[in-house]
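Read the structure below first, then the notes.
Every chain is numbered from 1, with letters handed out A, B, ... down the list of sequences.
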Number of protein chains: 4
Amino acid sequence: MARPRSEDKRNAILAAATEVVAAHGPSAPTARISRAAGVAEGTLFTYFDDKDALLNELYLALKRDVRDTLMAGYPASASLVDRARHVWNRYVDWGASQPAKHRAMAQLAVSDRVTAQCRELGSAMLAEVEALVHGVAWRGEMADQPPAFAAAILMALAETTMGFVQREPDEAERYRRAGFDAFWRAVSKE
Amino acid sequence: MARPRSEDKRNAILAAATEVVAAHGPSAPTARISRAAGVAEGTLFTYFDDKDALLNELYLALKRDVRDTLMAGYPASASLVDRARHVWNRYVDWGASQPAKHRAMAQLAVSDRVTAQCRELGSAMLAEVEALVHGVAWRGEMADQPPAFAAAILMALAETTMGFVQREPDEAERYRRAGFDAFWRAVSKE
Amino acid sequence: MARPRSEDKRNAILAAATEVVAAHGPSAPTARISRAAGVAEGTLFTYFDDKDALLNELYLALKRDVRDTLMAGYPASASLVDRARHVWNRYVDWGASQPAKHRAMAQLAVSDRVTAQCRELGSAMLAEVEALVHGVAWRGEMADQPPAFAAAILMALAETTMGFVQREPDEAERYRRAGFDAFWRAVSKE
Amino acid sequence: MARPRSEDKRNAILAAATEVVAAHGPSAPTARISRAAGVAEGTLFTYFDDKDALLNELYLALKRDVRDTLMAGYPASASLVDRARHVWNRYVDWGASQPAKHRAMAQLAVSDRVTAQCRELGSAMLAEVEALVHGVAWRGEMADQPPAFAAAILMALAETTMGFVQREPDEAERYRRAGFDAFWRAVSKE
DNA sequence: AATGAATGAGAATTCATTCAT
DNA sequence: AATGAATGAATTCTCATTCAT
């Protein structure tokens, strides 16, 4: 049998794409991505049908990464506030410690090269987060709004927080806590 | 390059660029923009030195538009909460009623073609918003955080709200109010 | 107004394509064609949507050229044999004196890049030849065959003849006559 | 390069190449040929040095196939007309019943990837046909022309006939006969 | 020997920008 | 000033060929 397709190489391409898309947007040349991945220009296309496929798969890979990060060590039986804090902290840390991933996701989120179907898959992946927030909002101030609204607020505030943590890493703990408290006041009762 | 004559034409190009960048990102061809503006391909370059200049000026124009919208009819002597609500409502309405502007700004915000200097100019333009929020936060829950943090939270929550208002225009009023209340709980004392 | 599109340039591209396709087939690079035409690579695409459009238009242009050549000076009221000889001589001379056109047509005739629709247009253009041959065959040996069969025989014999005339130009007259006589014996009565 | 083992595999590649070249011309990717042959991309190159070698060998294989077909059951001692008719019928049937082979040969005949030397080898293979036609022409109308001219006319008319037989298989017998009669009138005396 | 992943030199386009009209 | 044709560098993707498995 011939050389098998290498999962490592595929991951290298995705990692390189993360960096390049973060820095230059989805319109960055594929040649730059393959160079950053240390493979030949053509090799990129044995792992991804075309550039759009790469961008869409990158989007999903990043979403999956977030999901796995948020859910790792999820304290399913802890109190609501502790579970929410777990998700919050994980998400802020994820973004703050990996600015390229965060930025790449921001770029792909507004790119028309990511298909609607792919976006749906991505959101579905965060359904668990939404369920959690739903629990928070259920008897809280957001009782009259759809759960997606509270979830969107969580993500938006966390992303805002990420930016500050990134720029002032020494104050990470303070921002993370202040951000969470703001979120908690915003959506929970009392 | 000759001196441009018509302010109308310049505005038509900026308006066209707003639509095109909103739909396809900053990498959309200038030819598409000029076509949408109803001018010849070359004409675009008598009004803007090059594509980067156009994008940067578009970014500033959008920021200016936001600033003017927020500040029009600003009730300088009203209570803090009323002034904050004014800004909030204006901003949400601006984005919800002009999705292309909102989306174009989102695209430019993550584009590396908008220079750091241009971004600074843009933020400076929203200094007044920041000052207002500072007033809110001053004795509020955010007293220990930099005012920019509270201001960023305002913008982030307002932008989240815009999205919901856009998708469910019939519920505009409800979302606008729910969003503002969430913001107010998040940052003000009591 | 801007520089108008130049018919000369378009023709230069078609002429260059004739030479290049004749020599290297339809898979020859467009860059080679534009170079041969003395225009920039991109210019080719302001005159032709894409390579397929160029090849199809070239096919039609060659067919039109043949038609015009055959029909120029057509002795409509001469005897059948004289009219047939006119067409024969013109066609053989066309191919023998312009081997590139002949060869390019041969290449395009077997290329799957020339569409069925385009082929039909091309054949329609030679309807007059077919009508003539029909007259020849009408009471001749081919009375029981469709007129297209006799017409195809004319073209096939003429193309065979072209090849010999090309390789032995000194014997042009002899081959031309011998070919026509063969054709005439093949299809006419007596 | 290792010595190829299986004659079957080599033939499978040539057969696949026949189909693919017939349908898409000599510029069709080797990957398509190997896929059609049911072998790996690399395997093609253990049987043929490179793509040009494959195309040239395919050309010769097709010529050989024609020669063998024409000569199988050749009635060496029959009358001239019967021998000619034998060759004619075999050739027309060969092409009409195997359009891919016919079409592939037509493609290779105008391709610049088939070398002059290879073409000569191919013609030499049909020397016997030429000798036969020479006999026909010897005392016929073509007495003053080189025998190659009469032979070329045979092939051209037969190929024209093939096309009609292919499109109207029910009329095969009629076209085959009409074509031969036309040929015979064209070149024989009386 | 057979496989098919890897390679990088092209290939067809696209596109920002210039410039003749 | 306005126009849009002309330019050629840059871009995405293909493909013959090599080579690790």
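Between A:Ile13 atom CD1 and E:dT7 atom C1' there is a gap of 13 Å when expressed in whole angstrom units. With rounding to whole Å, A:Asp8 atom CG is found 11 Å from E:dA6 atom P. The interatomic distance linking D:Leu54 (CG) with F:dA16 (P) rounds to 10 Å, in whole Å. Here the P atom of nucleotide F:dT17 and the CG atom of D:Leu55 are 10 Å apart, to the nearest Å. Residue A:Leu44 contributes atom CG, which lies 15 Å from atom P of E:dA5 at whole-angstrom precision. Note: NZ (D:Lys51) to P (F:dC15) measures 8 Å, nearest angstrom. Between A:Phe45 atom CZ and F:dT11 atom C1' there is a gap of 9 Å when expressed in whole angstrom units. When the P atom of F:dA6 is taken as reference, atom CD of C:Glu7 falls 12 Å away, rounded to whole Å.
Residues A:Ala40 and B:Asp52 both approach DNA chain E. Their nearest nucleotides, taken by heavy-atom distance, put A:Ala40 toward the 5′ side. Residues A:Pro4 and B:Gly42 each lie close to DNA chain F; by heavy-atom proximity, the contact nearer the 5' end of the strand is made by B:Gly42. Nearer the 5' end of DNA chain E, as judged by each residue's closest nucleotide, is the contact made by C:Ser27, out of C:Ser27 and B:Glu41. Nearest-nucleotide mapping onto DNA chain F: of A:Asp50 and C:Gly38, the residue sitting toward the 5' end is C:Gly38.
Checked against E:dA5, E:dT7, F:dT12, the side chain of A:Arg3 finds its nearest nucleotide in E:dA5. The side chain of D:Thr30 approaches F:dA16 more closely than any other nucleotide in the set F:dT14, E:dC19, F:dA16. Of the listed nucleotides (E:dA2, E:dA6, F:dT11), E:dA6 has the atom at the smallest distance from the side chain of A:Thr46. Set against F:dT14, E:dT7, F:dT7, the side chain of A:Val39 has E:dT7 as its closest nucleotide. Side-chain proximity of C:Ala2 to E:dT13, F:dT3, F:dT17: nearest is F:dT3.
Within 4.0 Å (heavy atoms only), A:Phe48 reaches no atom of the nucleic acid at all. Residue contacts for B:Ala53: at a heavy-atom cut-off of 4.0 Å it reaches no nucleic acid atom on any strand shown.
Taking 4.0 angstrom as the limit, A:Tyr47 places a side-chain polar atom (N or O) nearer than this to OP1 or OP2 of E:dA6. For the OP1/OP2 pair of E:dA2 and a distance below 4.0 Å, the side-chain nitrogens and oxygens of D:Lys9 include at least one atom meeting the criterion.
Looking at heavy atoms from C-beta onward, B:Tyr59 lies out of side-chain contact with B:Thr115 at the 4.5 angstrom threshold. Between B:Gln107 and B:His24, the closest side-chain pair of non-hydrogen atoms is not below 4.5 Å.
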TODO: Could you walk me through whether B:Arg32 and B:Glu19 pass the salt bridge (charged side-chain N to carboxylate O under 4.0 Å, His left out) test, one step at a time?
DONE: CA-CA 10 Å; B:Arg32 199 192 262 257; B:Glu19 299 294 333; over 6 Å; no
After noting the C-alpha distance and the side-chain angles of D:Arg35 and D:Glu41, does the key distance pass the side-chain contact (heavy atoms from CB on, under 4.5 Å) rule? CA-CA 7 Å; D:Arg35 178 153 25 93; D:Glu41 287 182 43; over 6 Å; no
Run the side-chain contact (heavy atoms from CB on, under 4.5 Å) test on D:Leu54 and D:Ile33 for me, step by step, so that the C-alpha distance in whole Å, both residues' side-chain angles and the decisive distance to 0.1 Å come before the verdict. CA-CA 10 Å; D:Leu54 167 60; D:Ile33 295 172; 4.1 Å; yes
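Contact detail for D:Phe45 and D:Lys51: the closest heavy-atom pair is CE2-N, 4.2 Å. Heavy atoms only, all atoms of each residue included: B:Val20 and B:Ala28 are closest at CG1-CB, 3.4 Å.
In this structure, D:Arg113 contributes its side chain and D:Ala53 its backbone to no donor-acceptor pair below 3.5 Å.
In secondary-structure terms, DNA chain E builds stems of at least 3 consecutive Watson-Crick or G-U pairs, each pair having both distances under 3.5 Å, at E:2-21 with F:2-21.
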